[in-house]
Amino acid sequence: MSFQAPKGTFDWLPPRSERILAVREALTAPLRAAGYGYIETPVFEDTQLFARGVGESTDIVSKEMYTFPDKAGRSLTLRPEGTAPVVRAVLQHNLHNGQLPVKLWYSGSQFRYERSQKGRYRHFWQVGVEALGSEDPALDAEIIMLGVRGFASLGLKGVRLLLNSLGDKTCRPAYRAALQEFLRGLDLDEDTRARIEINPLRVLDDKRPEVQAQLTGAPLVVDHLCASCKAYHEEVRGLLAAAGIAFEDDPRLVRGLDYYTRTTFEFVHDGLGSQSAVGGGGRYDGLSEMLDGPPLPGVGWALGVDRTFLAMEAEGLVDDTAESRVQVYGVPLGDDARRRMFLLVSELREAGVSADMAFGGKGLKGAMKGADRSGARFALILGERDLAAEAVQVKDLTTAEQTEVPLAQVVDVLKGKVQ
RNA sequence: GUGGGUGUAGCUCAGUUGGCAGAGCGCCAGGUUGUGGUCCUGGAUGUCGAGGGUUCAAGUCCCUUCACUCACCCCA
């Protein structure tokens, strides 16, 4: 085999591929039911959109982007995340000049150039939601609730919700300075020391035990929130609690993208190998302005579709048994029968009965095997004897009962049987 | 970018101190020339990841390389 999927990518094959469609559907159904509209944006964008939107100091921008020049010399980048493109589209088409908030959801591929491991690939899929134009804690609470509903509808029990507030442009600078002062006093490696100056909050997220041990007394954002951020955060918490949404306050929760303000949250699960996040999001009140737009507060999340699938597998929610693909399967014997069966199968499909048939000139035994493996309830056996009688043998594969039905009536008969 | 593990049939994997390339599942055919699943019999499929080296002889030992995988940094 000379070709294989590019490094860090993989193929979805039946029957798992069918189930991933169902996962996407389940994660997005709550969004559609809450008045969010579907948006599709290009898979690639101007590199600067991510550089400015996501932030030059983030790992995503500094080392994980698939960036390439097009033939005219423009620098394009395969999208590493969905929020910046959605905000770009909103600003470009002036959607924010209409009724607010603008409520949108999306579903699609994302790309990050990283060393792959379990739950982390170079090409992955996210379902996302964004609500722009309203600074309303109820909106934060709403989208969080919609994520919780999506996971719950898949039967997932082990998804936990972590919640924090990162403050805003009033209170974050003071906190940032306090944190930097604390961190500079620690014994850290060079890369981490550099991070203190660029994005100190992310140091809190370091998983290494020797780093975590030193962070015990680190100043926490919650203790530095200004009055309005504090009130906002309490309101979000109150709304979630009132709605019966379980969450854990995690004062160390920091997210890797620069645009987050105030509410941040992550959905985590233990079944993803070394990864823990199945989804995450938060408020990004300054993003629009970073993209030369007007002040336009926003809140959103993205859920990892393939990570959600891993979580489901970890909980034993994915069974690998092949589902039945069609209801009826045609078994023709000989060329004349094959031509007639070809038409019959087509008629069945038009009548709303899903149908397949044996191809490749298989013998009866092989064709019946095909019928069995298709999961069809009924096999239609058509040979020369049947053609002469203008009839077809209808065999119920679950009971092995077989009856002869006139060709002229078989579509109606099957239509009745598969109801 | 850094570190560990693994590469043998379509899949999951055995393969002994270096000595004929294997099993299970799957696939195909036959048993049943017009009947699937269960059963029985038979069959096909290999660049042993690739390249080089040692040796009478390498899947096995050595070197290089590639891929996959897990983990770190970081993230969905």
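Per chain, numbering begins at 1; letters A, B, ... match sequence-line order.
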Practice prompt. Would you mind classifying the nucleic acid contact of Lys7(A) as base, sugar-phosphate or nothing, using non-hydrogen atoms under 4.0 angstrom?
Written response: sugar-phosphate
Worksheet entry | Contact check, side chains of Tyr284(A) and Val87(A), non-hydrogen atoms, under 4.5 Å | yes
Worksheet item: Do Tyr121(A) and Gln110(A) have a side chain donor and acceptor closer than 3.5 Å?
Response: no
Worksheet, complete the sentence: Atom CZ of Arg195(A) and atom C1' of C73(B) are separated, to the nearest Å, by 7 Å
Discussion item. For the C1' atoms, the ones on A9(B) and on A21(B), what distance do you get once it is rounded to whole angstrom?
Written reply: 10 Å
Worksheet item: In terms of the angle between their ring planes, are Trp105(A) and Tyr38(A) parallel, tilted or perpendicular, with boundaries placed at 30° and 60°?
Response: tilted
Discussion item. For a quick check, tell me whether the side chain of Arg120(A) and the base of A76(B) share a donor-acceptor pair closer than 3.5 Å.
Written reply: no
Worksheet item: Hey, does the side-chain of Asp372(A) have a donor or acceptor N/O within less than 3.5 Å of a partner on the base of G36(B)?
Response: yes
Worksheet entry | A76(B) OP1/OP2 closer than 4.0 Å to side-chain N/O of Gln126(A) | no
Discussion item. Is it the case that the base of G37(B) and the side chain of Lys369(A) share a donor-acceptor contact (distance under 3.5 Å, atom types as modelled)?
Written reply: no
Worksheet item: Heavy atoms under 4.0 Å, any strand shown: does Arg112(A) hit a base, just sugar-phosphate, or nothing?
Response: base
Discussion item. Please give the distance between the C1' atoms of G22(B) and U69(B) as a whole number of Å.
Written reply: 25 Å
Worksheet, complete the sentence: Trp301(A) atom CH2 is separated from C75(B) atom C1', nearest whole Å, by 18 Å
Worksheet item: Starting at CD of Glu401(A) and ending at C1' of G36(B), how long is that distance when rounded to a whole Å?
Response: 16 Å
Worksheet item: So which nucleotide does G26(B) pair with, by the Watson-Crick or G-U wobble rule with both distances under 3.5 Å?
Response: none
Item to complete: Return the value, rounded to whole Å, for the distance between atom OH of Tyr121(A) and atom C1' of C75(B).
Response: 14 Å
Discussion item. Should the side chain of Glu114(A) and the base of A76(B) be counted as holding a donor-acceptor pair, with the cut-off at 3.5 Å?
Written reply: yes
Worksheet item: When the C1' atoms of C68(B) and U55(B) are considered, how many whole Å apart are they?
Response: 31 Å
Item to complete: Nearest whole angstrom, please: distance from the C1' of C75(B) to the CG of Leu303(A).
Response: 14 Å
Worksheet item: Does Gln402(A) make a side-chain donor-acceptor contact with the base of U35(B), cut-off 3.5 Å?
Response: yes
Worksheet item: Just checking, is any N or O donor in the side chain of Asp136(A) or Ser134(A) under 3.5 Å from an acceptor N or O on the other one?
Response: no
Response to the item:
Re A67(B): Watson-Crick or G-U wobble partner, both distances kept under 3.5 Å, found to be U6(B)
Item to complete: Using atom NZ of Lys118(A) as one end and atom P of C74(B) as the other, report the distance to the nearest whole Å.
Response: 22 Å
Worksheet item: Is there a donor on the side chain of Arg385(A) or the base of G34(B) sitting less than 3.5 Å from an acceptor on the other?
Response: yes
Response to the item:
Partner of A21(B) under the Watson-Crick or G-U wobble criteria, both distances under 3.5 Å, comes out as none
Fill in: Gap in Å between the two C1' atoms, one belonging to G26(B) and one to C13(B), rounded
14 Å
Worksheet, complete the sentence: Partner of Phe309(A) under ring pair (Phe, Tyr, Trp, His ring centres under 6.0 Å), picked from Phe10(A), Trp12(A), Trp125(A), is Trp12(A)
Worksheet item: CZ of Arg373(A) versus C1' of G26(B): gap in Å, rounded?
Response: 9 Å
Worksheet item: Is a donor-acceptor pair below 3.5 Å formed from side chain Lys365(A) to base G31(B), judging by atom type as modelled?
Response: yes
Worksheet item: Once you round it to whole Å, what is the distance between P of A76(B) and OH of Tyr260(A)?
Response: 6 Å
Worksheet item: Under 3.5 Å, is there a donor-acceptor pair linking the side chains of Thr263(A) and Asp140(A)?
Response: yes
Fill in: Pairwise P distance for U8(B) and C61(B), with rounding to whole Å
15 Å
Worksheet item: Any donor-acceptor pair under 3.5 Å joining the side chain of Arg115(A) to the base of G3(B)?
Response: yes
Item to complete: Verify the distance criterion only: is there a donor paired with an acceptor across the side chains of Glu142(A) and Tyr36(A) at less than 3.5 Å?
Response: yes
Discussion item. Roughly how many Å apart are U41(B) and G24(B), using the P atom of each and rounding to a whole number?
Written reply: 11 Å
Worksheet item: Can you tell me how far P in G15(B) sits from the matching atom in G52(B), rounded to whole Å?
Response: 27 Å
